Amino acid sequence: MNFIEELKWRGMIHDMMPGTEEQLNKEMTSAYIGIDPTADSLHIGHLVSIMLMKHFQIAGHKPIALVGGATGMIGDPSGKSEERNLLDEETLRHNQQCIQIQINHFLDFSDSLPNKAEMTNNYDWMKNFSFLGFLRDVGKHISISYMMAKDSVKKRLETGISFTEFTYQLVQGYDFLWLYENKNCKLQMGGSDQWGNITTGTELIRRKTGGEAFALTCPLITKADGGKFGKTESGNIWLDPAKTSPYHFYQFWLNCSDDDAEKYIKIFTLFSKSEIDALIEQHRVEPHLRLLQKAIAKEVTSNVHSEKDYQSAVEASEILFGKGTYETLNKLDEQTLLSVFDGVPRFNIAKSSLTDGIDIVDFLCEHTQIFPSKSEARRMLKENGVQLNKTRIGESYKLTTANLLNQKYLLVQKGKKNYYLVVTNENEYD
RNA sequence: GGGGAGAUACCAGAGCGGUCAAAUGGGACAGACUGUAAAUCUGUUGGCGCAGCCUUCGGAGGUUCGAAUCCUCCUCUCCCCA
């Protein structure tokens, strides 16, 4: 199965330029995908691009990951309703380094490979490009009407777009031209929102060099309920374990809806068509087993983090959602307890404050900041939404040292999924 | 530069002198159901020493027994004309 066929059954092709498939069949081709270094970690939205490149490399072609140091300084108007904040160079460099480390998990950068993956930063060739030079060498080839016809620009004309963002497509187009000329890169891939920017690149290549370059986009990942993919109440799902713990990362995939899971397993795992078909079929018979979600969660968590992180995420999940009761919780040794709740918000209080017993409401708002106000804590307690060490408690509950797990810890649960670990210290001032 | 409209809780948006801690919708959170799902139903959604009190309707003053509501000034946003 070639690259295009592979992507097709996975539902990863939104659009491509005529001739793309022929080009790929003809020879080993280089393709690039741009990544905006807006943060010091990728999030799972980027995973789609990474998987695209992964498949591309598996199919024997050469993927180039382009970090948009220069373009990140300008801001892509696509899909944005407002002008963007600009990033400074230091931040961009730092972000690039972090991103590189994460991409290393997925693509093969070994020198021995003819199609080894590469990473570049467009800042390197843009930083010394003079303004006049750019106007003469790039701007001259593209007309205003061509640029204005792009959706990303059209949508913003009403609300306002700066000259800087208007120019964005030229800068990205130039990237493509540069890679075409210097690295023989003939294809640019990206999300479907990038189509306009990509075609400015192919147009520029055609007009300036007479050469032919291609475009391929994948659909933007959506959720069946219309929500934004990759976001939870608490924000983005990051690949950096310091930003999103492996446990939460695992939970994200496990919580996908059935419809989404059927889609995601094709995009985010490398399972073969027959394996996936079998899984889907089985999942439809016994949906409550959530085989699909578990398969995705296992695969993606192991790839992004590690096999070991996956194992502990499963363990933690079993304790938290399985038959977890006060008894099982109390049986855990300190080591296990801490590893299970690694990444869970943590509060420290003095052990001495418990000796006389404290009011649960005071405990929840004053000693810890689990609730922002006492009203909210009371409300939630009335609604039966608070659990202490897996046991539901009421508004008038008094907390004493007898509640401590391992003489040291308290597990507070707000609703079903929000856990807080409270650690007591012997020392008042610790 | 001239003229007009507006600013209300997380968002949208009613209220236009007392009965307003502020309708309604969305979102969010919780409970029931369940598969840690979806759908559905129920409840909550300013604070506190919670049958009561305190602080909120862009900001600062003023009128009034009483202001989100009326007046003055200021700040900001949007629209139209030049």
Side-chain angles (χ1 to χ4, degrees), chain A residues 81-83 156-161 222-237 244-265 279-298 300-301 310 312-325 328-329 340-341 343-345 358-367 369-388 390-398 411-420:
Chain A
S81 54
E82 281 176 13
E83 191 81 10
R156 284 280 296 280
L157 284 179
E158 287 287 313
T159 54
I161 182 168
T222 54
K223 291 206 301 187
D225 65 6
K228 204 167 180 213
F229 171 74
K231 295 263 186 185
T232 63
E233 319 80 68
S234 41
N236 271 322
I237 303 291
T244 301
S245 71
Y247 165 73
H248 284 289
F249 188 85
Y250 169 81
Q251 282 287 323
F252 170 81
W253 296 103
L254 197 66
N255 278 318
C256 289
S257 74
D258 294 354
D259 289 345
D260 290 338
E262 290 191 15
K263 212 163 53 181
Y264 295 168
I265 195 159
L279 265 172
I280 290 180
E281 198 182 320
Q282 206 176 343
H283 180 258
R284 284 184 180 158
V285 179
E286 305 171 289
H288 57 282
L289 294 181
R290 289 186 296 159
L291 290 170
L292 279 178
Q293 284 91 337
K294 283 179 184 164
I296 302 172
K298 176 179 179 180
V300 183
T301 309
Y310 159 72
S312 28
V314 173
E315 260 170 54
S317 303
E318 267 165 17
I319 291 165
L320 297 178
F321 293 103
K323 52 220 170 292
T325 58
T328 52
L329 201 60
V340 165
F341 295 106
V344 160
I358 47 175
D359 191 60
I360 186 67
V361 176
D362 290 338
F363 169 74
L364 291 173
C365 315
E366 284 174 13
H367 297 260
Q369 285 78 49
I370 294 174
F371 286 91
S373 78
K374 292 190 180 179
S375 300
E376 199 172 320
R378 288 212 179 84
R379 205 182 294 137
M380 193 79 99
L381 284 160
K382 269 188 204 130
E383 289 166 345
N384 256 331
V386 180
Q387 294 180 53
L388 175 72
K390 297 299 263 180
T391 311
R392 291 193 189 278
I393 51 172
E395 209 180 332
S396 52
Y397 196 86
K398 281 262 187 284
L411 179 68
V412 181
Q413 199 175 344
K414 186 160 92 176
K416 268 183 196 143
K417 295 181 188 176
N418 302 300
Y419 288 91
Y420 302 87

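Computed from a predicted structure; not experimentally measured. Letters A, B, ... are given to chains in the order of the sequence lines, protein chains preceding strands, and every chain is numbered from 1.
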Can you check the distance between B:A14 and B:C29, where both ends of the measurement are the C1' atom (answer in whole Å)?
25 Å
Write down the distance between CD (A:E383) and P (B:A28), rounded to a whole number of angstrom.
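After rounding, the reported distance stands at 16 Å.
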Hey, which of these two, A:Y247 or A:E366, hits RNA chain B nearer its 5' end, going by closest nucleotide?
A:Y247
Distance check, C1' atoms only: B:G49 and B:C16, in whole angstrom units.
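Their C1' atoms lie roughly 36 Å apart.
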Can you check whether A:R378 has a side-chain N or O nearer than 4.0 Å to OP1 or OP2 of B:G49?
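So the side-chain polar atoms of A:R378 do come within 4.0 Å of the phosphate oxygens OP1 or OP2 of B:G49, strictly under.
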Between B:A32, B:U36, B:G35, which nucleotide gets closest to the side-chain atoms of A:N255?
B:U36
Across all strands, who's sitting opposite B:U55 as a Watson-Crick or G-U wobble pair, both distances under 3.5 Å?
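B:U55 is unpaired by these criteria.
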CD of A:E395 versus C1' of B:C48: gap in Å, rounded?
13 Å
For A:N384, answer base if it contacts any base atom (sugar-phosphate contacts may also be present), sugar-phosphate if it contacts only those atoms, and nothing otherwise; contact means non-hydrogen atoms under 4.0 Å.
sugar-phosphate
State whether A:N418 places a side-chain N or O below 4.0 Å from either non-bridging phosphate oxygen (OP1 or OP2) of B:C29.
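The answer is no; no side-chain N or O of A:N418 sits under 4.0 Å from OP1 or OP2.
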Can you find a donor-acceptor N/O pair under 3.5 angstrom joining the side chain of A:E376 to the base of B:U45?
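Not at all, since no donor on one side and acceptor on the other fall under 3.5 Å apart.
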Identified pairing partner of B:G1, criterion: Watson-Crick or G-U wobble below 3.5 Å
B:C81
Which pair of heavy atoms, one from A:F249 and one from A:T244, lies closest together, and at what distance?
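For A:F249 and A:T244, the tightest heavy-atom pair comes out as N-CG2, 3.9 Å.
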Would you mind listing every salt bridge (Lys or Arg N to Asp or Glu O under 4.0 Å) that reaches into residues 370-380 of chain A, with sequence neighbours excluded?
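Qualifying pairs, neighbours excluded: A:D362-A:K374, A:E366-A:K374, A:R378-A:E395.
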Classify the ring geometry of A:F341 against A:Y419: parallel below 30°, tilted from 30° to 60°, perpendicular beyond 60°.
tilted
Check whether any side-chain N or O of A:K414 sits under 4.0 Å from OP1 or OP2 of B:A28, and answer yes or no.
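Answer no for this pair, as no side-chain N or O of A:K414 is under 4.0 Å from OP1 or OP2.
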Taking the six-membered ring of A:Y420, is the NZ or CZ of A:K414 close enough (under 6.0 Å from the centre) and on axis enough (within 45°)?
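Verdict for A:Y420: no cation-pi partner in A:K414.
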Spacing of A:D359 atom CG relative to B:C48 atom P, expressed in whole Å:
13 Å
Do the side chains of A:L411 and A:L388 get nearer than 4.5 Å, heavy atoms only?
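No - every pair of side-chain heavy atoms lies 4.5 Å or more apart.
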Whole angstrom is fine here: how far is it from NZ in A:K417 over to C1' in B:A28?
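Going from A:K417 (NZ) to B:A28 (C1'), I get 14 Å.
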So which nucleotide from B:G35, B:G31, B:C48 ends up closest to the side chain of A:R290?
B:G35
Distance check, rounded to the nearest 0.5 Å: A:Q413 atom CD versus A:I393 atom CD1?
11.0 Å
Across every strand shown, the nucleotide meeting Watson-Crick or G-U wobble geometry with B:A68 (both distances under 3.5 Å) is none
Phosphate OP1/OP2 of B:C48: any A:S375 side-chain N/O under 4.0 Å:
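Answer is yes, contact under 4.0 Å.
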For B:U42 and B:C50, measure between their C1' atoms and round to the nearest Å.
23 Å
Atom-to-atom span, CG of A:L320 to P of B:G35 - whole angstrom:
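Rounded to the whole Å, the gap is 19 Å.
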Across all strands, who's sitting opposite B:C29 as a Watson-Crick or G-U wobble pair, both distances under 3.5 Å?
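Answer to the pairing question: B:G43, which forms a Watson-Crick or G-U pair with B:C29.
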Check: A:K382 side chain, B:U45 base, donor-acceptor under 3.5 Å:
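No.
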Which nucleotide wins on minimum distance to the side chain of A:M380, given the candidates B:G31, B:C29, B:G35?
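Selected nucleotide: B:C29.
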Any sub-3.5 Å donor-acceptor pair from A:K390's side-chain atoms to A:L320's backbone N or O?
yes
Determine the Euclidean distance between corresponding C1' atoms of B:A32 and B:A37; express it in Å to zero decimal places.
16 Å
Give one of base, sugar-phosphate or nothing for A:S373, where a contact means two heavy atoms less than 4.0 Å apart.
sugar-phosphate
Residue matched to B:C16 through Watson-Crick or wobble contacts both under 3.5 angstrom
none
Check: A:Q387 main-chain N/O paired with A:R392 side-chain donor or acceptor under 3.5 Å
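No, because the side chain of A:R392 does not come within donor-acceptor range (under 3.5 Å) of the backbone of A:Q387.
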For B:A7, the nucleotide meeting Watson-Crick or G-U wobble distances (both under 3.5 Å) is B:U75
Between atom CZ in A:R284 and atom P in B:A38, what is the gap in whole Å?
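Between P of B:A38 and CZ of A:R284: 19 Å.
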P atoms of B:A82 and B:A23, separation to the nearest Å:
44 Å
Rounded to whole angstrom, note down the C1' distance from B:U56 over to B:A22.
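B:U56 and B:A22 have their C1' atoms separated by 10 Å.
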Nearest whole Å is fine: how far is B:U34 P from A:L289 CG?
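Going from A:L289 (CG) to B:U34 (P), I get 16 Å.
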Between B:U75 and B:G31, how far is it from one C1' atom to the other, in whole Å?
45 Å
When you match A:C365 and A:S317 each to their closest nucleotide on RNA chain B, which lands nearer the 5' end?
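The answer here is A:S317.
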Starting at atom CZ of A:R379, determine the distance to atom C1' of B:U45, rounded to an integer number of angstrom.
6 Å
Euclidean distance for P, B:A67 against B:A21 (whole angstrom)
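One P to the other, the span is 12 Å.
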Using Watson-Crick or G-U wobble geometry with both distances under 3.5 Å, which nucleotide pairs with B:U34?
none
Are A:K294 and B:G35 close enough that a side-chain N or O sits under 4.0 Å from OP1 or OP2?
no
